[in-house]
Structures are given as C-alpha cells and as structure tokens.
Amino acid sequence: MTRLSGTLRMRNLTLAALAATLMTSTSMAQTPPVKAPWDEAFLPPAPPWQGASQALIRDKTDPWVTAFEADPEHNFSPTYVDTRKWFDRLDAASPLIRIEAFGTSPEGREIYAVIASRDGAKLDPKKPLLLVQAGIHPGEIDGKDAGMMLLRDIAFHGKDGLLDKVNLVLIPILSVDGHERASAYSRPNQRGPRIQGWRNTATNQNLNRDFMKLDQPEMQALKRLQARYRADLYVDVHVTDGMDYQYDVTYGFNGENGVWNRSPAIASWLDGVLKPAMNTSLEAQGHIPGELVFGIDEHDPKAGFSDGGLGERFSNGWGAAAHVPTILIENHSLKPHAQRVLGTYVFIETALKLLAEKGGDLRAAIAADSALRPAEIPANFVADPKPAYTRAFKGIRYETYDSPASGRKEVRWLGEPDPDLWQVPFYGSKPSLTLKRPTAYYVPSYRADLIERLKLHGVTVEPLSAARTLPVEMLRLTDPKLAPRANEGHVQITVTQVKAERRDWTFPAGSVRVPTDQPLGDLVVLLLEPQSSESFFAWGMVPEVLSRVEYIEPYAIAPLAEKMMEADPKLKAEFEARLKAEPAFAADPDARLAWFYRRTPFYDDHHLLYPIAREN
Ligand SMILES: [Zn+2]
C-alpha cells in the first residue's frame with residue numbers, strides 16, 4: 001500500500017554485496033531460493049498463529065498443488081510464466097475455468113483474467129459477478145496465491161457449488177511487468193513471500209493512482225475488461241505497510257461506518273450486510289479481521305488513525321464515484337505470507353457466497369446510487385484535523401528505545417498482542433471544494449485523447465457531426481500553479497480560482513457534448529472541472545493554456561497606452577492609483593506597459609482560457 005511516506009528502505013552496502021550473489025533472476029525456475037540469513041531479521045516478530053483455514057492447504061500428493069502450497073514454508077509465490085502455465089493446465093482440465101487475455105503490458109507480456117463460471121463462453125448477465133484483482137502492486141501478491149487455491153478447489157475439490165449463482169473473474173497479476181522485477185528486496189516491511197515483485201510498472205508508474213487519468217496500458221486494459229464484465233463487487237487485494245497490530249486481514253471501502261460518500265446505498269450494503277458476515281466467516285477460520293486504518297504518526301502508534309485518503313485516483317475512490325462496489329483489502333504486512341493468503345482465500349469464498357445469497361440487494365443498491373444526480377459535488381478531500389470518533393483497536397505491545405542509527409527514539413514492536421484494547425482517535429477526510437453540476441460539457445475535437453479517456457471510463461458522449469457555434473460558459477483560470485516536482489509522469493497543476501465567461505464558441509466537427517445526466521455524471525464533473533484535484537487538468541494534461549502567444553514592442557504599446565489614457569479618464573485614474581499603491585510596479589517600465597497591453601484587444605484571448613466548456 002504505502003500511502004504514507006517516511007518508509008525506510010533497507011539498503012545496507014554489505015547486504016547489497018551479499019545479495020548480488022544470491023539475487024534470484026526472473027527466469028529462475030519454481031524452486032524457492034535459499035533463505036538468506038538476513039532475511040527479515042530486522043522485522044518485528046509476528047505473534048504465533050494457527051487457524052482452521054490452514055486445512056485448506058494441499059500437499060504434494062495433489063497433482064494440482066500450487067507453488068505456494070508446495071513450498072515447505074508456504075512462503076513462495078510463482079513467477080509470471082509458471083503461474084500462467086499452471087492456469088493453462090487448469091483451463092485445459094476443467095470446463096469451469098477459462099483464461100481470457102485482455103491486454104499487453106509495456107514490456108510485451110499478456111495480461112489475462114481467469115474466469116470461473118458454469119455459463120461457458122458468455123456469462124449470464126443476470127448472475128452477480130465478483131471481480132478479484134491481485135497484483136496491482138505486485139509485491140502484494142496474496143490474491144494470486146489465494147485465487148489459485150480457490151479456483152483449483154472449485155474445479156476439483158467440491159467447491160463448484162460456489163458457481164451455481166455467481167461468476168468469478170480473477171486477475172491473478174495486473175501489473176505483470178512489475179511482478180517480474182522480482183527479488184528478495186522489494187518490500188522491506190513485508191513478511192514474505194521470499195521473492196516479491198516491484199511496486200511500480202516497467203514505466204515506473206503506480207497503477208493504483210491511475211484510476212482517473214487512465215495513462216497506462218495495464219489500466220486501459222482493466223477498463224476494457226470492466227466494461228465487458230461489469231462487477232457487482234470489485235475486490236482489490238493489497239498488503240499494508242506501516243504500523244503493527246493484531247489484525248491480519250484489514251479491508252475498507254469509501255463510505256464505511258456511515259461516512260458520507262458518492263455511493264451511499266452501496267456503502268450501506270457493504271457496512272450492514274457484507275461486513276458482519278465477512279468478519280464472522282474470517283473469525284471462524286481463525287483470522288483477525290479489522291477495518292482499514294493508517295497510523296498518522298509512526299513514532300506514536302496511539303496518536304491516531306486516518307482513512308488514508310479517499311481520492312478517486314485509488315480503486316476505492318473511483319469505485320465510489322463510478323458506483324461500483326469496491327473493497328480494498330490490505331492484508332497486514334508483518335503477518336506471514338501464508339496467514340495472509342489463507343485469509344484472502346476465506347475472503348473471496350465468503351464474498352462469492354454472499355453474492356449468491358444477497359447479490360440482488362446489492363444490485364438494487366447499485367441501481368439506486370447510479371440514479372443519483374446531486375446538484376453539488378464535494379471534491380478535493382483533505383484530512384480532517386478534528387477526529388471523527390475514538391475507536392477500539394487491537395494493538396500490539398511496543399516500547400521505544402534510543403537508536404544509535406537514527407539518533408532518536410524509535411518504536412520497537414514486541415510481537416505480543418496487547419491484552420488491553422486501545423482507544424485511538426480516528427481522523428476522517430472532508431471535502432475542501434464543492435463543484436456545481438452543469439448540464440453538460442463540451443470537449444473540443446482536437447483533444448481527442450481526452451475524449452478517448454472519457455469513453456474508456458464508460459462515459460456516454462455525444463459527438464458533433466458538424467462544427468457548431470454554441471452559447472457556453474468558459475472558464476478563465478486565475479491562478480494556475482505548476483507543482484515543483486513530477487508525480488506519476490505528470491507535472492500537476494492546481495488552480496484555486498476560476499472566472500466564468502459567457503461566450504459563443506465554435507466547436508469543430510468531432511467535438512463531443514458530455515451530459516452529466518448519466519450514471520457516471522459525478523465522475524465526469526470530477527474529471528473535467530479544472531479545480532478538481534482528480535481532473536485531467538490537475539494531472540497537468542491541459543498545460544497548453546498556460547502559454548501566452550504574441551507580444552507588443554515598447555515602441556508600439558507606449559504610444560498606444562498614452563492614447564488609451566487620453567481616451568479613457570477612468571482607466572488613467574486606475575493606472576495612477578496602482579502607481580501610487582505599488583512602488584515596485586511604478587518602478588518597472590515593462591510591468592507598466594504590460595498592464596496596458598492586457599487591456600487591448602491584441603492580448604491573447606485564449607491565454608488561461610480552459611478549452612472545455614460548460615453548458616448550464
Ligand atoms: Zn498496495
């Protein structure tokens with residue numbers, strides 16, 4: 001996960017030299033590598049664990065044993081190639097399983113889903129569909145190993161009844177290139193698997209920031225798959241970083257515990273139906289389910305928790321805006337890989353059962369939320385400085401000590417469950433901007449790239465077959481500011497003030513009208529309003545409006561300015577007042593001339609004029 005910064009990366013020189021001799025190459029066979037003596041020795045101990053779910057693990061006498069199960073320590077996850085070979089074998093052997101490729105990665109690997117269904121080639125749209133996605137962050141790969149076991153058990157070990165009323169689509173590895181940048185040194189805070197993939201893609205992008213801008217081939221492929229298989233429940237499987245605690249499977253969703261969100265009926269189903277049943281099921285199998293929280297101070301574990309941010313660039317934020325029930329699983333990084341994989345297996349199996357029993361109610365909730373057309377759309381969530389409430393928390397005991405390395409007190413987690421429940425303040429998020437919902441937007445044809453992304457989102461657009469001049473509202477951006485550094489391959493731009501101007505504007509043929517009266521209308525507003533922190537503009541994708549074109553020579557503007565003052569005493573008075581009020585301005589001849597230039601019709605009218613218009 002790592003939404004919070006400040007994680008120390010273990011990069012000791014001696015270790016690196018040793019590592020080079022033992023580093024596992026990506027082409028290495030399925031045999032687990034030798035456990036290096038320094039592996040995880042610096043991590044806090046994990047409390048001993050036993051659970052009924054351990055009985056799910058099959059041994060080598062089973063011809064369908066997975067690489068995770070076959071490893072004596074259950075601390076191994078197979079490579080991309082070996083995973084695919086295993087699923088190809090399963091596909092060939094079981095009529096319930098089929099593989100469907102849905103994209104190609106930047107390094108040329110096929111991205112595929114494994115579909116478990118009784119329906120054959122075409123899934124029955126009346127059946128609820130569970131989409132489980134593993135490996136958007138490939139080092140956090142529990143969902144792949146759990147998915148392999150469960151699909152095997154569906155195919156051969158009597159769990160085919162799970163498919164009577166539900167379909168399952170599993171993406172074993174979304175970020176396939178990152179999965180193959182594998183080593184024992186990818187996730188220093190995480191207890192296994194021994195070899196882990198890398199967080200970012202081959203193009204160094206974090207796919208769990210790409211749910212709005214849709215830059216990356218992997219994300220674009222996912223959007224096409226989601227359009228083909230509309231998920232009734234979408235589960236995005238991760239592993240945490242951050243503080244220690246007793247919970248092994250934590251999960252969350254926007255709108256949890258009645259907090260405001262864009263899909264209230266869905267959140268109410270997840271809160272009221274899924275959560276109690278899921279927690280009961282996980283506990284019955286020996287797991288310790290908990291709500292998803294992020295410590296706000298790594299040096300003071302009891303200082304408080306936050307919700308980790310609810311932005312639409314994350315899967316859960318996008319899901320709430322798109323009315324797709326989305327759960328973010330964050331298995332706890334300090335728990336052993338095996339415990340996490342088994343918890344994920346139980347989670348997926350329970351989700352299938354819940355959809356079979358109560359999927360109809362969830363569909364009704366999706367329909368209710370998809371029909372909402374709020375006039376005002378809260379945006380730009382920021383951490384609320386006031387705690388929302390205090391929550392009981394199953395903590396792990398810790399102490400602090402003077403670290404000779406850091407020169408300050410560091411936390412030392414002791415690996416023992418604290419018998420006393422902690423009471424810790426929880427800080428939610430709150431919107432810092434309210435956007436108004438216009439009737440529609442117009443996107444000009446020459447931004448075909450943005451139009452394509454809207455379509456990829458599933459937004460309905462109405463193309464103009466011929467050029468049209470329309471009365472619209474255009475936005476003049478008053479204070480655009482470039483970010484000081486690049487983020488996810490973009491230089492972000494913020495604008496806090498815009499001025500609306502009524503204009504008659506000509507949109508060329510191929511431009512599109514984007515109505516907000518559609519299920520994805522909220523998403524459209526968040527993508528197209530430049531002040532929205534999740535918009536294309538905010539990602540720096542409309543930087544051309546910042547460039548001003550043409551200029552006027554001093555020998556031309558100076559006499560013109562003098563004529564303007566003669567002709568307009570009010571303008572003259574305004575200028576003179578400015579000279580008096582601002583000595584720096586008065587002492588700057590170019591600034592003085594620029595002041596007049598801006599007030600002539602020669603000045604570039606398109607400068608800072610946002611090219612996407614509103615229809616009100
Ligand atoms: Zn993650």
Side-chain angles (χ1 to χ4, degrees), residues 1-9 43 77 105 111 131-147 170-183 185-193 195-212 215-216 218-219 222 234-245 247-254 290-295 298 305-320 326-337 339-341 343-344 347-348 487-488:
M1 158 52 58
T2 320
R3 280 191 193 166
L4 308 173
S5 56
T7 311
L8 271 180
R9 297 278 166 197
L43 286 182
S77 190
S105 72
I111 310 169
L131 174 61
V132 177
Q133 171 190 290
I136 192 171
H137 292 153
E140 310 164 17
I141 202 63
D142 308 355
K144 176 186 73 179
D145 295 301
L170 168 76
I171 302 170
I173 312 165
L174 179 61
S175 183
V176 289
D177 294 343
H179 187 273
E180 294 308 281
R181 183 180 164 183
S183 85
Y185 305 98
S186 296
R187 299 263 308 153
N189 315 309
Q190 183 177 310
R191 182 161 270 121
I195 301 299
Q196 305 157 343
W198 191 251
R199 177 175 186 76
N200 275 15
T201 66
T203 57
N204 199 22
Q205 300 295 307
N206 183 339
L207 293 179
N208 199 22
R209 304 295 180 273
D210 200 23
F211 276 85
M212 291 296 267
D215 274 339
Q216 299 305 313
E218 296 93 333
M219 184 54 63
L222 174 64
Y234 171 40
V235 178
D236 179 19
V237 188
H238 292 247
V239 179
T240 65
D241 283 294
M243 66 187 292
D244 201 357
Y245 42 66
Y247 310 106
D248 58 356
V249 178
T250 72
Y251 64 96
F253 43 89
N254 283 27
E291 291 178 6
L292 178 56
V293 291
F294 299 84
E298 58 200 357
F305 301 132
S306 83
D307 58 20
L310 304 171
E312 286 76 19
R313 69 193 61 188
F314 306 112
S315 59
N316 49 321
W318 165 82
T326 302
I327 289 182
L328 182 62
I329 293 185
E330 290 281 356
N331 292 324
H332 186 226
S333 61
L334 293 174
K335 302 297 184 291
H337 181 55
Q339 186 177 348
R340 303 190 324 250
V341 168
T344 308
F347 194 106
I348 302 170
N487 181 22
E488 299 299 326

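Just so you know, ligand 1 is whichever comes first in the structure, and atom 1 is the first atom listed for that ligand. When a residue number appears, it is its place in the shown sequence, counting from 1.
Atom ND1 is the N/O/S atom of His238 found closest to the Zn ion (ligand 1). The N, O or S atom of His137 lying closest to the Zn ion (ligand 1) is ND1. Atom OE1 is the N, O or S atom of Glu140 at the shortest distance from the Zn ion (ligand 1).
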request  = Tell me, with the steps shown, if Arg199 and Glu140 meet salt bridge (charged side-chain N to carboxylate O under 4.0 Å, His left out).
outcome  = CA-CA 8 Å; Arg199 177 175 186 76; Glu140 310 164 17; 3.4 Å; yes

message = For a ring pair (Phe, Tyr, Trp, His ring centres under 6.0 Å) check, start with the C-alpha distance between Phe305 and Phe294, then their side-chain angles and the critical distance, and finish with the verdict.
response = CA-CA 5 Å; Phe305 301 132; Phe294 299 84; 9.7 Å; no

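Ring-plane geometry between Tyr234 and Phe211 is classed as tilted, the angle between the planes lying from 30 to 60 degrees on a 0 to 90 degree scale.
Checked options Ile173, Asp236, Thr326; the residue passing with Gln133 is Asp236 (criterion: side chain to side chain contact (heavy atoms under 4.5 Å, CB included)).
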